[in-house]
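After the structure tokens below, expect a handful of questions from me.
Letters A, B, ... are given to chains in the order of the sequence lines, protein chains preceding strands, and every chain is numbered from 1. Every heavy atom of this structure was used, including side-chain atoms; hydrogens, water molecules and symmetry mates were not. Keep in mind the model is a prediction, meaning the values are calculated, not measured.
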Amino acid sequence: MEKFTTIVSKAVPLPIEEVDTDQIIPARFLKATTKDGFGNNLFRDWRYDDKDQPKADFILNDASYKGSKILVAGKNFGCGSSREHAAWALTDYGFKVVVSSFFADIFRNNSLNNGLLPVQVSQDFLNTIFEKEKADKQVELKVDLVAQTIEIVGTDLKESFEINNYKKTCMINGYDDIDYLLSIKDKIEDYEKTSKYLHIVS
Amino acid sequence: MGKTLFEKVWDAHVVTEIAGGPSVLYIDKHLVHEVTSPQAFGGLEKRGIGLFRLDRTVATADHNVPTKDQNLPIKEILSRQQVDKLTENCKKFGVTLYGLGHPYQGIVHVIGPELGITLPGMTIVCGDSHTSTHGAFGSIAFGIGTSEVEQVMATQCLMQSKAKTMRINIDGKLGKGVSSKDIILFIISKISAAGGTGYFVEYAGSAIRALSMEARMTICNMSIEMGARGGIIAPDQTTFDYVKGREFAPKGAKYDEAVAYWKTLQTDADAKFDKEYKWSAEEITPMITYGTNPGMGIGIAEPIPTEASMEESNRATFHKALEYMDFKAGEKLIGKTVNYVFIGSCTNSRIEDLREVAAFLKGKKKAANINAYIIPGSKQVEKQAQEEGIDKILAEAGFELREPGCSACLGMNEDKIPKGEYCVSTSNRNFEGRQGPGARTLLASPLTAAATAVAGKIVDVRGVLI
């Protein structure tokens with residue numbers, strides 16, 4: 001996993017609520033057996049018409065947002081299917097951060113496991129970002145994971161966000177959970193030997 | 001203070017805790033399917049390690065499989081490659097696989113319970129959000145991403161933060177034509193598609209206690225549709241009777257010892273929940289969804305809500321949903337022509353669902369405009385249905401019982417609903433394009449779906465039941 005500390009970037013506004021992972025990447029594109037290339041089908045049915053032509057009114061087809069590393073979306077982002085392909089599609093496209101006022105649980109975990117930072121802000125702050133974006137597409141956001149803050153660059157508008165300390169350390173250092181779990185294998189074996197419950201059902 | 005059922009099962013599985021961080025949770029059973037596992041197997045290969053506990057892992061192929069001519073090679077090349085990759089990985093790593101052609105093959109959440117792999121008090125995970133189904137047995141069961149699949153394969157453990165607890169009480173007696181699917185659609189319509197996020201939900205109350213295991217599975221299955229981590233129902237005699245004698249369930253003295261333990265898996269009277277809801281079963285009518293998330297549900301005789309009844313922030317989503325569905329605010333759905341019906345999925349494809357559908361369809365005929373997919377959840381369900389003559393009843397009514405798989409639930413295999421068409425579906429998600437690009441899904445119970453298939457339009461099943 002890549003290390004993550006601070007990102008400054010233009011942000012793509014997607015002021016839609018309840019964006020489910022079937023929209024982020026439809027099931028018919030989940031057939032690959034590697035993690036690469038999902039970015040091409042990110043938001044496939046919103047981004048392209050049924051003749052595979054880009055839809056002019058979809059935000060990712062607006063050239064002014066090219067190279068943006070931050071996606072800003074409405075509440076309950078990433079709900080529905082547990083497909084980690086949603087996180088892979090977002091990172092493969094180039095996103096490093098998703099900002100929303102609320103994230104679905106499994107999506108949040110999948111993101112953190114792939115170096116994609118979910119930044120949960122208040123509904124007011126989210127609305128403010130959308131307003132600023134509307135007025136000026138070039139507005140940049142700064143996300144500082146160490147300080148746990150998000151700010152609208154060039155303004156004094158700033159909010160702090162929560163992240164589990166363990167996950168924060170993992171993101172900053174580029175560690176993943178498997179490295180940690182493999183390092184405590186003896187503890188896991190001890191649990192198996194001593195658990196009262198396991199002896200009953202195995 | 002007492003403990004909730006969830007806390008009892010959780011505490012029994014904590015290997016260790018990281019200060020200020022997640023717990024390391026031991027996983028009893030890991031179910032694997034072809035879509036969310038290849039990258040995890042690939043990860044193990046890169047690290048040069050195998051599975052830590054092969055005896056706790058079972059795989060099947062369900063998402064990509066066709067529901068006709070399963071004896072022939074899968075036509076769609078990418079689907080075939082993904083299923084072949086699972087076979088190859090299971091062989092290489094030594095994982096038990098109930099693949100195509102195996103008498104135990106089926107939807108992963110159908111085969112776990114029917115084989116007695118799923119037991120009360122367990123922790124069960126799968127790279128699939130509907131793993132919540134297994135909570136019906138009083139186990140902690142939830143969906144995980146592929147990185148987590150790899151964690152469990154490598155260490156039989158997961159790093160997890162403990163969820164908050166919610167209890168939903170449904171007391172009373174269900175009315176005619178109202179099933180467990182209606183209960184869960186009702187609950188989600190009340191608390192919204194995000195209302196359970198961060199929670200593990202216990203379903204309780206006399207209406208829940210009265211349900212069969214299969215009906216309980218339908219409820220727990222859709223816990224994820226309100227954002228909940230999972231759903232759980234305390235095990236009782238119904239549970240113990242269901243488990244008894246199943247292939248991998250404990251037998252003899254082992255079974256008795258297990259039941260004695262399972263009986264302790266109840267929420268203590270003085271336990272506290274972070275959130276609690278209560279409804280009476282009499283309030284619940286047959287339900288149907290009108291929009292593009294499972295929270296957009298109504299009693300089937302009610303009109304679609306209007307803007308005035310909702311908060312400002314929800315209006316844009318509501319409009320977008322109605323535009324996609326081509327419905328108008330305030331209109332009723334009864335009488336709308338529907339050309340597709342799907343009866344199946346991990347929500348409603350068990351033998352009891354098929355029995356209910358067959359009992360309704362007996363002596364009736366499919367409407368001319370209807371195209372129907374009726375899909376058993378597993379090879380065992382299919383066999384049972386044939387033994388009971390359900391396939392013949394369906395054939396006489398103009399339907400065909402196909403072969404098991406996820407089918408038209410998710411638009412990934414050959415079974416898809418065409419663009420613009422409405423489909424009354426017993427599955428779990430009505431997201432845009434879920435059943436195929438441009439398809440319009442209306443979620444409902446098996447009984448409502450069957451009644452729609454006979455009428456060729458949406459009907460209130462209460463009016464057509466004898």
Per-residue contact mode, A:T34 against chain B (heavy atom under 4.5 angstrom): backbone
Closest contact, heavy atoms only, B:G143 versus A:I106: O-CD1, 3.6 Å
Region of A:N110 in contact with chain B, defined by heavy-atom distances below 4.5 Å: side chain
Side chain / backbone / both / neither for B:I224 at chain A, heavy atoms under 4.5 Å: side chain
Side chain / backbone / both / neither for B:I144 at chain A, heavy atoms under 4.5 Å: backbone
Chain A contact via B:N64 - which portion, at a heavy-atom distance below 4.5 Å: side chain
Carboxylate-amine/guanidinium proximity below 4.0 Å for B:K419 and A:D45: no
Contacting moiety of B:H13, where chain A heavy atoms sit under 4.5 Å: both
Engaged part of A:I16 at the chain B interface, taking heavy atoms whose separation is under 4.5 Å: side chain
A:C79 side chain reached by B:N293 side chain, heavy atoms, under 4.5 Å: no
Any donor-acceptor N/O pair, A:E84 side chain to B:T146 backbone, under 3.5 Å: yes
Proximal component of B:V15, with respect to chain A [non-hydrogen, under 4.5 Å]: both
Contacting region of A:F107 [heavy-atom separation from chain B under 4.5 Å]: neither
Atom group of A:N114 that falls short of 4.5 Å from chain B, counting heavy atoms: side chain
Interface moiety of A:F29 toward chain B, non-hydrogen atoms closer than 4.5 Å: neither
Reported OH-to-OG distance for the pair A:Y166 and B:S161, which is rounded to 0.5 angstrom: 10.5 Å
For A:R28 against B:G411, the heavy-atom pair lying closest together: CB-O, 3.7 Å
Side chain, backbone, both or neither of A:K75 within contact of chain B (heavy atoms, under 4.5 Å): side chain
Region of B:V83 that comes under 4.5 Å of a non-hydrogen atom in chain A: neither
Side chain, backbone, both or neither of B:F248 within contact of chain A (heavy atoms, under 4.5 Å): neither
Under 3.5 Å: donor-acceptor pair, side chain of B:E257, backbone of A:I200: no
B:R47 side chain near A:D179 side chain, heavy-atom distance below 4.5 Å: yes
Segment of A:N76 engaging chain B (4.5 angstrom heavy-atom cut-off): side chain
Donor-acceptor under 3.5 Å (A:R83 side chain, B:G145 main chain): no
Sidechain-backbone polar pair: A:D177 side chain, B:M159 backbone, donor-acceptor under 3.5 Å: no
Under 4.5 Å from a heavy atom of chain B, the part of A:N109 involved: side chain
N/O donor-acceptor pair under 3.5 Å between A:K31 side chain and B:M412 backbone: yes
Proximal component of B:T16, with respect to chain A [non-hydrogen, under 4.5 Å]: side chain
Donor-acceptor pair, side chain of A:Q23 and main chain of B:E432, under 3.5 angstrom: yes
Under 4.5 Å from any heavy atom of chain A - which part of B:F431: both
Contacting moiety of A:Q123, where chain B heavy atoms sit under 4.5 Å: neither
Sidechain-backbone polar pair: B:Q151 side chain, A:D176 backbone, donor-acceptor under 3.5 Å: no
